Amino acid sequence: MTIRLYDTSARQIRDFTPLQPGCVSIYLCGATVQAAPHIGHIRSGLNFDIMRRWFDYRGYDVTFVRNVTDIDDKIIAKSADQNRPWWSIGYENERAFNDGYHALGCLPPTYEPRATGHITEMVEMMRGLIERGHAYEADGNVYFDVRSFPGYLELSNQELDNLQQPSGAGETGKRDPRDFAMWKAAKPGEPSWETPWGRGRPGWHLECSAMAHKYLGTAFDIHGGGLDLVFPHHENEIAQAKAYGDAFARYWVHNAWVTMSGEKMSKSLGNSVLVSEMVKRWRPIVLRYYLGTPHYRSMIEYSEEALREAESAFARIEGFVQRVVEKAGVVEPSAEVPLAFAEAMDDDLGVPQALAVVHTTVRQGNSALAADDKEAAVARLAEVRAMLGVLGLDPLDPQWAGEGDRGEDLHGVVDTLVRMVLDQREAARARKDWPTADAIRDQLGQSGLVIEDSPQGPRWSLGPR
């Protein structure tokens with residue numbers, strides 16, 4: 001058994017060998033909390049939640065760190081526009097992110113540090129870099145000297161001569177325009193902290209280097225994030241950490257985006273779909289299926305049609321689970337997943353291939369139910385639950401308790417009404433009045449109900465919208 005991952009720095013899939021046998025350490029760039037999350041933000045959390053769950057299934061002791069960037073230019077700009085404290089905006093959106101992660105079934109991280117809680121560690125790192133000749137102070141700013149670090153741009157595979165480094169307002173005194181800010185001098189009315197070089201606030205890149213060092217040490221296994229972070233963020237993190245003396249991350253794993261009309265979903269483009277709104281329109285477990293089951297390195301083009309397809313696909317799985325439970329009671333997950341599922345997950349978290357095994361097992365289970373083979377149906381459900389548990393999609397997991405039925409408080413009322421209509425349909429069938437029986441079924445279908453005839457009698461469920 002060897003887990004293999006695509007390493008952005010190596011540009012190939014590599015066998016995963018942990019620094020410490022039996023343990024895996026993961027640092028994920030988390031939320032920048034200037035606004036509430038859209039589904040593109042949450043996709044990253046979902047992808048690495050599945051990674052974390054798979055390592056856990058394979059017996060690893062997982063340390064998972066996901067940071068919160070609670071101070072940056074956009075948060076400060078919103079603070080001025082809304083006449084609200086910067087920390088109020090950050091905390092409100094941090095809670096919105098955590099609500100989104102929880103709603104879609106993400107396990108909580110081992111540690112979730114905020115950037116503003118680690119100013120001391122950042123100052124220490126800057127002092128070390130200045131002493132080593134990799135950084136310098138100018139006009140109250142502290143910059144990293146990119147020419148002092150020979151490995152700069154190896155992750156993004158760029159040429160230094162062609163580099164255009166993003167710069168913010170007030171970044172004066174640079175020796176080279178390609179140098180990047182680790183610390184920004186204080187401006188009137190902005191939050192700031194005291195340092196040996198004057199008051200100011202941290203740059204985005206410094207925050208993650210310092211927090212990774214604090215919680216995972218000088219070396220750790222996997223650094224993750226969205227594909228858009230390769231440059232400048234992750235490139236600059238590497239430069240700071242390695243120039244400071246850390247070995248830093250051994251594997252770099254990046255998830256692709258959720259797109260709309262071919263463009264990355266983003267707040268700046270005005271094409272974002274907020275998680276808080278999506279969970280009102282779609283069951284959270286369906287959203288998790290939609291966002292978590294494509295391969296993490298594949299783009300997802302958002303559309304209502306694609307969500308409806310995901311809803312229908314998950315309904316087939318959930319319907320099988322419900323039918324077996326009705327027949328045999330709750331079935332515990334099997335101790336091991338099927339071999340084909342494990343092989344797919346070991347191969348760079350091949351969730352689409354693993355999901356194909358889930359659907360094949362569901363079909364086998366449905367065939368067993370049709371043949372009234374209770375033992376085989378129960379065995380297949382045990383396998384399905386084990387696989388869905390790894391993906392965070394087990395409808396019987398307490399995470400989703402009460403989530404499966406839309407309007408749980410009305411379920412009993414609806415069931416009574418539907419049963420009355422189904423009794424009329426059964427009476428029509430008994431007298432061989434097939435047109436009436438078919439018409440009743442069609443009318444129920446138009447109302448959003450799916451009717452299935454079984455040896456135990458007709459059963460109904462809510463169909464895709």
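All values derive from a computational prediction rather than experimental measurement.
Residues passing the side chain to side chain donor-acceptor pair (under 3.5 Å) test with Q164, sequence neighbours excluded: none. Scanning for side chain to side chain donor-acceptor pair (under 3.5 Å) contacts around T361 gives an empty result, with sequence neighbours left out. Applying the side chain to side chain donor-acceptor pair (under 3.5 Å) rule to H359 yields the partners Y289; only residues at least two apart in sequence or on another chain are considered. Taking the ring pair (Phe, Tyr, Trp, His ring centres under 6.0 Å) definition, one finds that F144 meets it with F180, sequence neighbours left out. Residues passing the salt bridge (charged side-chain N to carboxylate O under 4.0 Å, His left out) test with R43, sequence neighbours excluded: none. The salt bridge (charged side-chain N to carboxylate O under 4.0 Å, His left out) test applied to R66 returns E112, not counting sequence neighbours. Judged as a ring pair (Phe, Tyr, Trp, His ring centres under 6.0 Å), and not counting sequence neighbours, the contacts of Y143 are Y136. Annotation: salt bridge (charged side-chain N to carboxylate O under 4.0 Å, His left out) contacts of D228 (sequence neighbours excluded): K264. Under the rule for a side chain to side chain donor-acceptor pair (under 3.5 Å), the partners of R84 that lie at least two apart in sequence or sit in another chain are Q82, S88, E92. Among residues two or more places apart in sequence or in another chain, the salt bridge (charged side-chain N to carboxylate O under 4.0 Å, His left out) test is passed with D81 by none.
The side-chain hydrogen bond (donor to acceptor under 3.5 Å, both in side chains) pairs that include a residue from residues 331-341 number zero, where partners must be two or more places apart or lie in different chains.
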Would you be so kind as to tabulate the donor-acceptor pairs closer than 3.5 Å made by side chains of residues 213-222, with sequence neighbours excluded?
from, atom 1, to, atom 2, distance (Å)
H213, ND1, D246, OD1, 3.2
H213, ND1, D246, OD2, 2.7
K214, NZ, E121, OE2, 3.3
Y215, OH, H118, NE2, 2.7
D221, OD1, L19, N, 2.8
D221, OD2, S25, N, 2.9
D221, OD2, S25, OG, 3.2

